[in-house]
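Only one structure is covered here, and it is reproduced in the block below.
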Amino acid sequence: MTSAEPRDTIESIDTQILDLLSQRCQALAKKAGTKTDSDWANTLASIDRLIGQQKPDTASADPTISPDVQRSVLRHVASACWQATRSGTFAFLGPPDSYSHLAALAYFGEAANLLPVPSIGAVFDAVSRGDCAGGIVPIENSTDGRVVDTFGRLSEGEVSITGEVQLAIHHQLLAMCDHEAIKEVHSKPQAISQCRVWLANHLPNAKLIECSSTAAAAKLAVTQPGVAAIASEAAGRRHGLRVIGANIEDNRDNVTRFAVLGHDQPAATGNDKTTLLFQVAHQPGTLADAMGIFKEHELNLTWIESFPQPGTKNEYFFVVEFPGHRQDPAVAKAIEHLKSATHHTDVLGSYCRPARAES
Ligand SMILES: O=C(O)C(=O)C[C@]1(C(=O)O)C=C[C@@H](O)C=C1
């Protein structure tokens with residue numbers, strides 16, 4: 001055997017995997033800009049379809065590797081090939097190891113070119129100006145509902161929602177000092193709110209201080225004596241912080257939904273949802289009439305939120321979500337109907353429904 005020959009079966013298989021990777025990149029590069037090209041959202045949807053379609057008795061449905069792990073491996077392969085053949089950066093609320101970063105990694109894959117920015121508004125700016133091909137922002141959490149900064153910008157209609165990530169959020173209380181020496185706890189308001197009961201029971205005298213992100217709080221806790229941060233396990237590892245309290249979220253099933261922002265309109269996958277924003281006249285019954293349209297077209301709402309329209313008195317935007325794609329006949333008819341019955345109706349996006357990831 002010469003030194004260039006594979007040593008054993010495993011190495012020979014790895015060589016084949018590398019060869020397949022290179023073939024996959026070449027095929028992807030050939031598709032770029034053609035009619036059969038697909039965007040990232042559709043790439044993810046086709047991986048999900050492939051995993052879902054596997055027959056239990058086929059070789060690829062090997063029970064030693066669960067469908068979730070197979071999905072994650074294929075996503076990373078796709079992400080590496082995408083990165084090698086396309087340009088494009090995706091913005092998230094940084095610094096690294098914020099939950100937005102973890103959500104971006106779960107969606108775009110480890111190989112993606114990810115850009116940390118200082119605020120949720122900066123994610124919208126980067127995508128709407130075209131500096132980034134896409135971005136990711138928190139939209140709702142299971143404790144407090146909508147994330148206010150995101151809603152304000154969604155109503156401006158500059159970008160679309162092209163996907164969603166649901167991330168299970170497990171908060172850690174991180175510090176350099178002992179529990180007894182903690183005087184201040186810093187974090188993003190949403191994270192503080194998700195740990196309110198734990199903080200009242202374990203640190204009743206600590207000052208709670210809001211900052212731009214959980215990861216920014218973790219960075220600060222490294223240098224400020226007596227300061228603890230509520231942040232992710234990954235942020236604690238990055239900065240060498242001690243875990244003073246593990247999994248301190250009050251709700252064991254703490255989940256944040258993140259919206260993926262972009263300019264594409266993902267094609268229907270058969271497992272989609274649609275997010276709409278509308279405005280009705282400030283008159284009796286106008287909201288009930290709008291709701292009647294969803295009933296008439298048998299669209300089952302999974303979310304409804306209202307938020308004040310800036311610069312007006314008693315005027316609100318409404319955001320609703322329901323299963324189905326804007327190209328489905330019932331959804332298309334309902335949108336047309338709403339457009340004629342409301343002041344303004346904007347389809348924020350139709351995109352593939354997500355699976356849940358862990359933080
Ligand atoms: O600060 C972070 O790490 C974020 O990514 C933001 C954010 C949010 O605003 O909801 C995301 C998930 C958690 O709910 C806490 C904070």
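One-based numbering, in listed order, for ligands and for the atoms of each. All values derive from a computational prediction rather than experimental measurement.
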Next item on the list: Just say parallel, tilted or perpendicular for the rings of Tyr99 and His171, cut-offs at 30° and 60°.
Entry: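 Correct class here is perpendicular.
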
Next item on the list: Quick one: sort the His101 and Phe92 rings into parallel, tilted or perpendicular, breaks at 30° and 60°.
Entry: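 The rings of His101 and Phe92 lie parallel, inter-plane angle below 30°.
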
Heavy-atom contacts with [X] under 4.0 Å: which atoms of ligand 1 show up? List them by number with element.
{"X": "Ser213", "answer": "1 (O)"}
{"X": "Thr214", "answer": "1 (O), 2 (C), 3 (O)"}
{"X": "Lys188", "answer": "1 (O), 6 (C), 8 (C), 9 (O)"}
{"X": "Gln194", "answer": "14 (O)"}

Notebook entry, point to check: Please state which protein non-hydrogen atom is closest to atom 15 (C) of ligand 1 and give its distance, to 0.1 Å?
Noted result: Tyr99 CD1, 4.0 Å

Item checked: atom 13 (C) of ligand 1 - nearest protein heavy atom and its distance -> Thr256 OG1, 3.8 Å

Note to self: Given the ring of Trp303, does Arg257 sit roughly above its face, with NZ or CZ under 6.0 Å from the centre of the six-membered ring and within 45° of the axis?
What the structure shows: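 Pair Arg257/Trp303 counts as cation-pi.
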
Notebook entry, point to check: Considering only heavy atoms from C-beta outward, does the side chain of Arg242 approach that of Met176 to under 4.5 Å?
Noted result: no

Next item on the list: Could you see which bit of Pro138 sits under 4.0 Å from ligand 1, with heavy atoms only: side chain, backbone, both or neither?
Entry: side chain

Checklist line | Sidechain N-carboxylate O distance under 4.0 Å for Lys273, Glu164 | finding: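 A salt bridge links Lys273 with Glu164.
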
Margin query: Regarding Glu249 and Arg252, does a basic nitrogen lie under 4.0 Å from an acidic carboxylate oxygen?
Written below: yes

Margin query: When you compare ligand 1 with Ser100, is there at least one nitrogen or oxygen pair between them that comes in under 3.5 angstrom?
Written below: yes

